[in-house]
**Q** 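Got a structure for you, questions after.
Letters A, B, ... mirror the listed sequences (proteins, then strands); counts begin at 1. Remember, it's a predicted structure, so these values are computed and weren't measured experimentally.
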Amino acid sequence: MKSHLELQSVSFSYRTGKTFFSKKRKNVLKDLSFKIYPGETLGVIGRNGAGKSTLLRLLSDIITPDEGKIVRNCKKVDLLSIELGFSEQLSGIDNVILSGLFNGFSKKEILSKMDSIIEMSGIGKAVNNPLITFSSGMRARLGFSIAYHLEPDILLIDEVLGVGDIDFQTKSEKLIKEKMKSDQTVILVTHDPDLIKDVCNRVIWIEHGKVVKIGTTYEVVDAYLDYMLKSFSKNKKG
Amino acid sequence: MKKKQFWELVKFRVQCDLKAEVDKYALSYFWWIFEPGLHLFILYIVFGVFFQGNNQPHYIPFLFCGIVPWFWFNKSVTSGMESILNGRQIIRDTYIPKYFFPTVSIIQDLVKEMLVLLILIIVLFISGVYPTKMWVLLPVILVLQLLLIASIVYFISIIVPYFLDLKQIISTLMQIVMFGAGTFYDFKTMPEEYHKLFLLNPIALLINMYRDILIYNNFISIRSCVYILLYIVLFGILGYFAHKHLDKEVPKVLFR
């Protein structure tokens, strides 16, 4: 099968010095190679600071690798980003348009989805008010509904699934899970082994910027849990 | 991002930002005129009334022709240089060409400048300066100034995130540029040996051109135009290469 995306020994480091000329760098990812196939949901698991979020930024082409190559056979790879480009003074409607435009959609496409977005958010007529009058729950609902309606070739999700109050959390989590199980190609970054077991076809385990294991969901998640348990009890003894 | 989408986004963002700015204040749109209007009024009191304008004829139009272009330049550069820095929330979450941010900033200041230009023209009328044939050249000077602003802002906006001290340096530099631009005096009244220094300052050249066509009914100085074009080409090339090389590099310093 032809891959959507292919990483070929990708390495990445951040500059940490204060000036332009500083050579100080912090290695984040080292020699990463894997492929992403159409329709699959690929889980990325690993501890804090393993380089998972940086990986998503490389995939969505926000930054480029220092070494190696990312081969792209599809057009849009987008981070599921709630409240992207939101502006306090503008109305909910204007924010929907702005957020959609930032996500690379045309005004026409966004307007055609407007009703469905407003309906999903459950905000009703308040959508005409400035965002500054919204509660944080309402903002999150609107943000989620926009993000949900965008259909990139590959959807990148970083941790958070459910947003807003408890009702909406359940609803949004269910919707996103449905999306992941559908034909949508998804890369999901999370700490949550149960979630990965529920939705992913394949999993990559990253530790200190390197791939430890790639494989089927149960194989990798079990190995990861095993490792975590061992390091946990080691810490306890020490 | 396709070209059409890019400009659709620029247009919508400019509209939104202007609207947002207006909705914040009770006096809304009037601030765009009040704010520069108050500055102009204070300068008028200090230099026009207290100092009697160095006994120069047409001092008020002379002063306003200096201050208005200066305000435009100052505002565009100081707000534009931080545009990419301030866009980091968006840059973190999606890919967008970085020149988007300075573009929006420059256009916003251009829109506001058009209103201030209107004040300038009204003041000229009140002071008894009326349009001549030379006024047709005004758009040429406006375009020159816009290009100068754009070339400088595109370049520094992408350098500032790497070198935050540049913000302080530029603020100081702007003071020097202002005092050296002959905004409230005529540099030709200074000793001859310093004239060359003034001619190094593109804003001084621009201000001279505004005065030449609007007040003195003179043709614009071609030599000044060439000098300004040289600045534009220089900063334009620097900006082009800076954006080309740093477009996907600058996010790395924005969220380190």
**Q** Which residues in residues 72-91 of chain B have any heavy atom lying under 4.5 Å from a heavy atom of chain A?
**A** B:I90, B:I91

**Q** Please confirm whether the backbone N or O of A:K107 pairs with a side-chain atom of B:E8, one donor and one acceptor, at under 3.5 Å?
**A** yes

**Q** Does B:I33 have any side-chain contact (heavy atoms from CB on, under 4.5 Å) partners at least two apart in sequence or in another chain, and if so, which?
**A** B:L115, B:I119

**Q** Quick one: of B:K4, B:R92, B:K19, who has the most non-hydrogen atom pairs under 4.5 Å with chain A?
**A** B:R92

**Q** Which atoms of B:E249 are under 4.5 Å from chain A, going by heavy atoms: the side chain, the backbone, both sets, or neither?
**A** side chain

**Q** Might you confirm whether atom CG of A:D183 has over 12 heavy atoms from other residues, nucleotides or ligands at distances under 6.0 Å?
**A** no

**Q** Kindly give the heavy-atom pair with the smallest separation between B:A20 and A:Q89, and that separation in Å.
**A** CB-CB, 3.4 Å

**Q** Could you name the residues of residues 58-67 of chain A that have a heavy atom within less than 4.5 Å of a heavy atom in chain B?
**A** A:S60, A:D61, A:I62, A:I63, A:T64, A:D66

**Q** Applying ring pair (Phe, Tyr, Trp, His ring centres under 6.0 Å) as the test, list every pair that has at least one member in residues 96-118 of chain A; sequence neighbours left out.
**A** A:F102-B:F100

**Q** Given the options A:L79, A:L101, A:L156, which has more heavy-atom pairs under 4.5 Å with chain B than any of the others?
**A** A:L101

**Q** If you count the non-hydrogen atoms of other residues, nucleotides and ligands that lie under 6.0 Å from NZ in A:K210, is the total more than 12?
**A** no

**Q** Please classify the contact of A:L84 with chain B as side chain, backbone, both or neither, using a heavy-atom distance under 4.5 Å.
**A** side chain

**Q** Tell me, do B:P251 and A:R57 make a side-chain contact under 4.5 Å, heavy atoms counted?
**A** no

**Q** Is there side-chain contact between B:F12 and A:D94, with heavy atoms separated by less than 4.5 Å?
**A** yes

**Q** Between B:L9 and A:L98, is any pair of side-chain heavy atoms under 4.5 Å apart?
**A** yes

